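As the structure is a prediction and not an experimental result, all values here were calculated from the model. Numbering of residues begins at 1 and proceeds along the displayed sequence. Just so you know, ligand 1 is whichever comes first in the structure, and atom 1 is the first atom listed for that ligand.
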Amino acid sequence: MATMTGVILPGNSTVEFKELPVPEPSGGQVLLRMRASSICGSDIRAIYREHLGTGPEAYQGVIAGHEPCGQVVKVGHGCKRFVEGDRVVVYHISGCGVCEDCKHGYMISCTGPQRAAYGWQRDGGHAAYLLAEENTLVGLPEGMTYVDGALCACGFGTAWEALTRMAVSGADRLLVTGLGPVGLAAAMLGRALGATTIIGTDIVPERLALAEKLDLVDHALPADDDALAKVKHLTAGAGCEASIDCSGAAGGRLLALQGTRQWGRCAFVGEGGTVEFDVSPVLIHQQITLYGSWVTSLKHLEDLLERMARWGLHPEITCTHRLPLAQAAEAYRLADEGQCGKVCIVFED
Ligand SMILES: [Zn+2]
Ligand SMILES: [Zn+2]
């Protein structure tokens with residue numbers, strides 16, 4: 001029987017390799033040859049360092065990697081759209097397909113017991129092959145690379161969902177708190193949607209420097225005690241019409257809210273932790289609309305990929321490290337350090 005090496009995350013900041021059989025697709029499934037499988041902040045926060053999650057975030061010892069992109073090499077019976085050779089991005093949650101959220105394409109918030117996320121409850125992308133449900137696939141448009149596709153599967157999809165839910169446009173200036181991979185995605189997409197000024201903040205100097213080097217932000221500010229005053233100064237005292245917290249840190253969330261203009265919109269996508277603020281002056285009296293936004297829908301992932309291709313934008317510019325599967329330990333160490341851009345495991349021919 002053919003076997004492959006998969007990466008397992010035992011939850012003590014190490015990586016394990018396991019030999020497993022190459023799976024066979026059954027009805028409605030396809031076998032993908034993996035081409036790119038990037039590492040998400042959630043992999044670090046909830047799996048790599050320790051297994052924190054419960055419910056949809058419970059890691060069940062499967063092959064890790066929930067940002068998979070690859071090529072169809074085998075099709076199970078009953079597949080309706082994809083054929084051998086197709087380049088595809090995997091929407092990383094397989095839902096029951098019949099609950100209210102699945103019907104809207106938000107398999108991320110599927111409430112059925114069958115819900116299983118790739119890399120969490122079913123095998124993910126850190127192996128040469130991935131068994132995927134056909135209904136979780138989105139075609140990778142021509143002109144986009146496999147690394148582009150992997151980055152859209154979770155991170156760019158998450159940024160896109162929040163920005164479009166806030167209807168970010170050329171009428172807006174955008175504040176991005178936290179310039180990790182999702183923050184860089186928000187900055188790139190905010191600009192593409194027309195936002196005229198992009199202000200980014202982070203506590204890590206390397207991340208500020210990267211955002212500037214990639215020309216994704218107009219202003220990169222250290223997230224220190226002066227940050228709010230600087231945001232206000234850059235916006236003639238008003239604050240930004242839209243803001244998005246990608247830091248997942250209390251300070252970043254508060255800065256996003258306080259840096260939002262009166263009547264503006266603010267979205268939280270950075271996961272974990274808490275936040276505390278004086279509700280009346282910070283939120284109510286400012287007439288701010290606050291969004292919580294979790295990943296994206298199948299359709300919105302497809303929308304994102306189509307537009308990225310049309311705009312000629314490449315998420316992969318935010319990927320600072322590409323490593324082969326055999327160097328997965330180094331890849332996770334780099335991602336955990338939090339001083340670089342996106343880290344992606346890539347598969348050569
Ligand atoms: Zn993710
Ligand atoms: Zn469902």
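Between Arg173 and Asp218 there is no salt bridge, since none of the side-chain N atoms of the basic residue sits less than 4.0 Å from a carboxylate O of the acidic one. Salt bridge status for Arg87 with Glu142: absent, with no side-chain N to carboxylate O gap under 4.0 Å. Between Lys299 and Glu302 there is no salt bridge, since no side-chain nitrogen of the basic residue lies less than 4.0 Å from a carboxylate oxygen of the acidic one. A salt bridge between Arg322 and Glu348 is absent, with no side-chain N of the basic residue lying under 4.0 Å from a carboxylate O of the acidic one.
The count of protein N, O or S atoms under 2.8 Å from the Zn ion (ligand 1) stands at 3, with waters excluded from the count. Counting only protein N, O or S atoms, 4 lie closer than 2.8 Å to the Zn ion (ligand 2).
Applying side chain to side chain contact (heavy atoms under 4.5 Å, CB included) to Thr318 and the options Leu210, Leu179, Leu151 leaves one that passes, Leu151.
Side chain of Arg35 to backbone of Ala150: no donor-acceptor contact under 3.5 angstrom is found.
A side-chain donor from one of Gln29 and Glu133 sits under 3.5 Å from a side-chain acceptor of the other. Using a 3.5 Å distance cut-off with no hydrogens or angles, the side chains of His300 and Trp160 do not pair a donor with an acceptor.
Nearest heavy atoms, Cys102 versus Val98: CB-N, 4.0 Å.
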